[in-house]
K.L.:
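So that we are looking at the same thing, I have put the structure below in structure tokens.
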Amino acid sequence: MQRGRIDATTLAGGVDLQSTVESGQSYLWSREDETTYERDRAHGGDAWYWTTLRPTDRDDPAVCRVRQREGALEWESHVDADPHLRRLLRLDDDLAAIAADAPDDELLRAAFDAYRGMRIVRDPPFGSLISFICSAQMRVARIHAMQTALRRAYGEPITFDGETYHAYPTPAALAGASEAELRDLGLGYRAPYVLRTAEMVESGEAGPEEAGDLSYEAARESLTRFVGVGEKVADCVLLFSLDFLEAVPLDTWIRTTIEEYYPDCDRGSYAETSRAIRDAFGGEYAGYVQTYVFHYLRNGGTVA
DNA sequence: TAGATACCTTATAG
DNA sequence: ACTATAAGGTATC
């Protein structure tokens with residue numbers, strides 16, 4: 001096992017691990033079993049979180065777990081997790097600059113102040129695509145439970161520190177599933193979407209990472225060719241996996257926010273409303289703004 | 001092109 | 001206990 005730590009004071013704008021991985025941006029991180037880590041729970045908020053990696057220079061997938069403690073991210077892994085964590089948690093983003101550049105409006109400022117250190121994630125493209133296909137009309141806890149079920153059913157088992165983990169399934173593994181099996185895991189009508197999308201990726205017909213070469217709106221359009229991917233899910237994959245920080249997924253929360261705080265931005269169609277709210281959120285980093293606002297409002301934050 | 005409807009399943013409200 | 005409703009929407013008509 002390798003271990004390491006990343007001093008949070010070396011990261012511009014700091015880091016808040018819990019907010020980053022539990023704010024509904026990613027369904028590919030899990031909290032360690034609470035009963036196994038009573039000791040950590042006593043410290044409050046410094047639980048271990050884990051995910052799996054597929055380092056290119058290694059045959060087997062690797063486990064990476066991390067917790068935030070005493071101003072640092074402490075990690076344990078099969079491999080040197082430092083570069084992986086910097087990539088997956090976007091530790092190079094300058095949060096102070098992003099917050100400073102955001103439009104000076106009461107709601108946005110309150111949201112940034114409430115969750116200092118929260119970062120956008122950079123999930124692996126395939127896992128991001130599948131998990132957000134699963135997100136349709138579903139609650140956060142259940143979306144996460146679906147990904148855990150997919151790991152256990154189709155992901156390669158990995159032993160780490162005496163425990164068994166499961167890698168996120170490969171496109172081939174998911175493409176080999178049946179619709180009935182996926183329905184049994186509780187995916188409902190999303191089962192054929194996940195299956196057909198996995199088949200598209202496995203066959204080489206299309207890959208989510210290909211959208212990364214396109215301009216933002218063309219990339220969003222491109223992703224909608226995957227079954228079960230509409231404009232909202234496409235925006236989630238662009239923002240939380242493919243580095244399009246200007247993407248603003250128009251979900252029910254943001255639509256409610258638009259109604260209440262930015263009524264002029266409601267232009268009817270997704271594309272036009274998206275442009276308007278993207279401008280209202282400052283353009284280049286509008287997705288960051290969206291994530292702060294989403295998390296703030298979802299946890300009951302308000303503006304007088 | 002814009003609008004209406006069905007869709008799996010589960011948790012929560014009433 | 002039992003029914004209605006909504007949950008980070010999409011495909012289809």
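Every chain is numbered from 1, with letters handed out A, B, ... down the list of sequences.
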K.L.:
Just call it for A/G230: base, sugar-phosphate, or nothing, with non-hydrogen atoms closer than 4.0 Å on any strand.
P.N.:
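Sugar-phosphate, backbone atoms only, no base.
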K.L.:
Send over the distance from A/I258 CD1 to C/dG8 C1', rounded to a whole Å.
P.N.:
13 Å
K.L.:
Could you measure between the two P atoms, the one in B/dC8 and the one in C/dC13, and give it in whole Å?
P.N.:
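Each nucleotide's P atom is 14 Å from the other's.
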K.L.:
Can you tell me how far P of B/dC8 sits from CG of A/D184, to the nearest Å?
P.N.:
14 Å
K.L.:
Roughly how many Å is it from CZ in A/R220 to P in C/dT10, rounded to a whole number?
P.N.:
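In whole Å, C/dT10 P and A/R220 CZ are 11 Å from each other.
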K.L.:
Looking at A/E246 and A/R278, does any basic side-chain N land under 4.0 Å from a carboxylate oxygen?
P.N.:
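Salt bridge between A/E246 and A/R278, a charged N being under 4.0 Å from a carboxylate O: no.
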K.L.:
Regarding A/Q25, tell me which of base, sugar-phosphate or nothing describes its non-hydrogen contacts under 4.0 Å with the strands shown.
P.N.:
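The residue A/Q25 makes base contact.
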K.L.:
Closer than 4.0 angstrom, basic N to acidic O: yes or no for A/D243 and A/R90?
P.N.:
yes
K.L.:
Which value, in whole Å, describes the distance between the P atoms of nucleotides B/dT5 and C/dT5?
P.N.:
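After rounding to an integer number of Å, I get 15 Å for this pair.
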K.L.:
If you find the nucleotide of DNA chain C closest to A/R190 and the one closest to A/F226, which residue's nucleotide is nearer the 5' end?
P.N.:
A/R190
K.L.:
Which residue pairs satisfy the ring pair (Phe, Tyr, Trp, His ring centres under 6.0 Å) criterion with at least one member in residues 72-112 of chain A, sequence neighbours excluded?
P.N.:
A/H78-A/F160, A/F112-A/Y292
K.L.:
Contact class for A/G228 (heavy atom, under 4.0 Å): base, sugar-phosphate, or nothing?
P.N.:
sugar-phosphate
K.L.:
Under 5.5 Å centre to centre and under 30° between planes: does that hold for A/F294 and the six-membered base ring of C/dG8?
P.N.:
yes
K.L.:
Does any residue of residues 129-152 of chain A have a heavy atom under 4.0 Å from DNA chain B, and if so, which ones, in number order?
P.N.:
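Those residues are A/R139, A/R142.
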K.L.:
Between A/R152, A/E156, A/R65, which is the residue that forms a side chain to side chain donor-acceptor pair (under 3.5 Å) with A/Y165?
P.N.:
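Between A/Y165 and the candidates, side chain to side chain donor-acceptor pair (under 3.5 Å) is satisfied uniquely by A/R65.
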K.L.:
Whole Å only: how far is the CG atom of A/L223 from the C1' atom of C/dG9?
P.N.:
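The answer, rounded to whole Å, is 15 Å.
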K.L.:
Suppose you measure atom P in B/dA13 against the same atom in C/dG8; what distance do you get, rounded to whole Å?
P.N.:
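Roughly 14 Å separates the two P atoms.
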K.L.:
Determine whether a donor-acceptor pair (N or O, by modelled atom type, separation under 3.5 Å) exists between the side chain of A/S128 and the backbone of A/P125.
P.N.:
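No, the answer is negative, given that no donor and acceptor are paired below the 3.5 Å cut-off.
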K.L.:
Quick one: A/D235 CG to C/dT10 P, roughly how many Å, whole number?
P.N.:
10 Å
K.L.:
A/R255 CZ to C/dT10 P: how many Å, rounded?
P.N.:
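Between P of C/dT10 and CZ of A/R255: 9 Å.
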K.L.:
When Watson-Crick pairs (N1 to N3 and N6-O4 or O6-N4) and G-U wobble pairs (N1-O2 and O6-N3) count only below 3.5 Å on both distances, what is the dot-bracket string of DNA chain B, with | for other-strand pairs?
P.N.:
..|||||.||||||
K.L.:
Taking A/R86 first and then A/D82, would you say they form a salt bridge - that is, a charged N and a carboxylate O separated by under 4.0 Å?
P.N.:
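Yes, this pair counts.
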K.L.:
Do A/T197 side-chain atoms and A/V227 backbone N/O form a donor-acceptor pair below 3.5 Å?
P.N.:
yes
K.L.:
For atom CZ of A/R87, decide whether the heavy atoms of other residues, nucleotides or ligands shown that lie under 6.0 angstrom number more than 12.
P.N.:
yes
K.L.:
Test for a donor-acceptor pair under 3.5 Å between the base of C/dG8 and the side chain of A/Y27, counting only N and O atoms.
P.N.:
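Side chain to base: pair present.
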K.L.:
Between P on B/dG3 and CD on A/E231, what's the gap in Å once rounded to a whole number?
P.N.:
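It is 13 Å, rounded to the nearest whole Å.
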K.L.:
When we call it a touch if two heavy atoms are under 4.0 Å apart, what does A/Y270 touch: a base, just sugar-phosphate, or nothing?
P.N.:
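No contact at all - A/Y270 keeps every heavy atom at 4.0 Å or more from the nucleic acid.
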K.L.:
How long is the gap from OH on A/Y285 to CD1 on A/I98, to the nearest 0.5 Å?
P.N.:
5.5 Å
K.L.:
Quantified in whole Å, what is the P atom distance between nucleotide B/dA6 and nucleotide C/dA4?
P.N.:
15 Å
K.L.:
Taking OP1 and OP2 of B/dC8, is either one under 4.0 Å from a side-chain nitrogen or oxygen of A/R183?
P.N.:
yes
K.L.:
Can you measure A/K232 atom NZ to C/dA11 atom C1' for me and round it to whole angstrom units?
P.N.:
16 Å
K.L.:
Aromatic ring centroids of A/F226 and A/Y193 under 6.0 Å?
P.N.:
no
